[in-house]
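These notes concern the structure reproduced below.
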2 protein chains.
Amino acid sequence: MELYVRNTTELANLLRDYGITATLQRVEIAGILLSKKQHLSAEQVMGKVNQGRSIVSKATVYNTLRLFAKKGLVKEVIADPTKIFYEPKTESHHHFYNVDTGELTDFNADLKMTDIIPDAPKGMMVKGVDVTIRVGAA
Amino acid sequence: MELYVRNTTELANLLRDYGITATLQRVEIAGILLSKKQHLSAEQVMGKVNQGRSIVSKATVYNTLRLFAKKGLVKEVIADPTKIFYEPKTESHHHFYNVDTGELTDFNADLKMTDIIPDAPKGMMVKGVDVTIRVGAA
DNA sequence: TATTTGTTTAGACTGTCTCTAAATAGATAT
DNA sequence: ATATCTATTTAGAGACAGTCTAAACAAATA
């Protein structure tokens, strides 16, 4: 599964690999978000996908990002209390969150966080571990 | 600094210890949130503080919780993408977040997370480390 | 061609949270 | 005490991310 894809057919195949029907709008959105390591909010995707022309509606942007996250193609980052960020799902990494600017930056998890976390409550399954390091002006 | 305080004068003193001017409204809110280990949203605090009668306005609830967090008396929990939760600031612990129900539960950090995290970016200071374990129906 | 199923859409709507400008309360000076 | 200044609270308007609805559209199948 190749991330950071640009080509339309490759993108369509990638979507199918994740069980997502490829449509024009979905390919457009995937093309933007998966082009490189980045964290984009729904409104940022909205802006980039509709540069000038209007291709994808707001509802579709929100629905599509949610769908991508549910299918495991992208990851939601919950760190900014005002909005969700989306990022390509790459190797295990976590985030610095700058509380002054709202900026997100990655750091690699050399030590697997899963090694040090407790078991999930009975009947529950661990869906993921998110580590956020809040940073700010010293 | 005694958390889980109920008594009004103790609460007022606690607020002063944290550099917060004690007012009727602030003491009411502190009394609710600091009474025990719990995670409350602003709207939940709003509901509890105004049982029947109306004592504290919405604006004051939001402003006060933000003030408490800034002064270090309570902690903001960013895990639910739709709202902020507030909790008494106790020993280092982290959270299970049930993605199906939105429920938060604590787990103790026997291993200090600060031991395994990388340095903050240049000129930045680490304000805190939050670990959220997303769980859901198996 | 008709039917079914899935996707997209504009725009209304919701819920959390913030802002504003006025009223109130508390503290300080005279 | 009384006047003055500063901090706090307030109702209500407003901002903004995100969701919902019901209709239009597209694609696949009968």
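In what follows, every chain begins at residue 1, and chains take the letters A, B, ... in the order their sequences are listed.
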Set out, line by line, the N/O atom pairs under 3.5 Å between protein and nucleotides 22-28 of chain D.
none

Side chains of B:I20 and B:F68: does their closest heavy-atom pair fall under 4.5 Å?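 They are in contact (side-chain heavy atoms under 4.5 Å apart), so the answer is yes.
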
Heavy-atom check, side chain of A:D80 versus side chain of A:Y97, under 4.5 Å: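 Of all side-chain heavy-atom pairs linking A:Y97 with A:D80, at least one is under 4.5 Å.
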
Please report the distance, rounded to the nearest Å, between [atom1] in [X] and [atom2] in [N].
X     : N      : atom1 : atom2 : value
B:K70 : C:dT18 : NZ    : P     : 13 Å
A:R66 : C:dT8  : CZ    : C1'   : 14 Å
B:M46 : C:dC17 : CE    : P     : 13 Å
B:K83 : C:dG15 : NZ    : P     : 10 Å
B:E76 : C:dC17 : CD    : C1'   : 12 Å
A:D80 : C:dC17 : CG    : C1'   : 13 Å
B:E28 : D:dT10 : CD    : C1'   : 16 Å
B:F85 : C:dT16 : CZ    : P     : 10 Å

Is there a donor-acceptor contact under 3.5 Å linking the side chains of A:E87 and A:H95?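 Short answer, yes.
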
With no hydrogens and no angle check, just 3.5 Å: does a side-chain donor-acceptor pair link A:E43 and A:Y62?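 Per modelled atom types, A:E43 and A:Y62 side chains form a pair under 3.5 Å.
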
Do any side-chain nitrogens or oxygens of [X] fall under 4.0 Å of OP1 or OP2 in [N]?
X     : N      : answer
B:T82 : C:dT16 : no
B:Y62 : C:dC17 : yes
B:S57 : D:dT10 : yes

Has B:D100 got more than 12 heavy atoms of other residues, nucleotides or ligands less than 6.0 Å from its CG?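 Enclosed: over 12 neighbouring heavy atoms sit under 6.0 Å from CG of B:D100.
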
Side-chain donor/acceptor contact of B:K58 with base of D:dG12 under 3.5 Å: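 No.
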
Look for any protein N or O under 3.5 Å of an N or O in nucleotides 5-8 of chain D and output each such pair with its distance, or none.
from	atom 1	to	atom 2	distance (Å)
D:dT8	OP1	B:T21	OG1	3.2
D:dT8	OP1	B:R26	NH1	3.2

Give me the one residue out of A:L67, A:L73, A:N63 that meets side-chain contact (heavy atoms from CB on, under 4.5 Å) with A:R26.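 So, applying the side-chain contact (heavy atoms from CB on, under 4.5 Å) to A:R26 and each of A:L67, A:L73, A:N63, only A:L67 qualifies.
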
Students often get this wrong, so: under 4.0 angstrom with heavy atoms, is [X] touching a base, only sugar-phosphate, or nothing?
X     : value
A:L65 : nothing
A:S41 : nothing
B:L24 : nothing

Atom [atom1] in [X], atom [atom2] in [Y]: separation rounded to 0.5 Å?
X      : Y     : atom1 : atom2 : value
A:L14  : A:T9  : CG    : OG1   : 12.0 Å
A:N108 : A:H93 : CG    : NE2   : 8.0 Å
B:D130 : A:I78 : CG    : CD1   : 13.0 Å

My understanding is that only one of A:Q38, A:H39, A:K37 makes a side-chain hydrogen bond (donor to acceptor under 3.5 Å, both in side chains) with A:D106; could you say which?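 That would be A:H39; it is the only one of A:Q38, A:H39, A:K37 passing the side-chain hydrogen bond (donor to acceptor under 3.5 Å, both in side chains) with A:D106.
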
Comparing B:V61 and A:Y86 on DNA chain D - which has the more 5′ nearest nucleotide: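 Per heavy-atom nearest nucleotide, the more 5' residue is B:V61.
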
Of the listed nucleotides C:dC17, D:dT10, C:dT9, the one nearest the side chain of B:V56: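 Per side-chain heavy atoms of B:V56, the pick is D:dT10.
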
Output the single nucleotide from C:dT16, D:dG18, C:dT9 whose closest atom is nearest the side chain of A:N63.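 In terms of side-chain proximity for A:N63, the closest of C:dT16, D:dG18, C:dT9 is C:dT9.
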
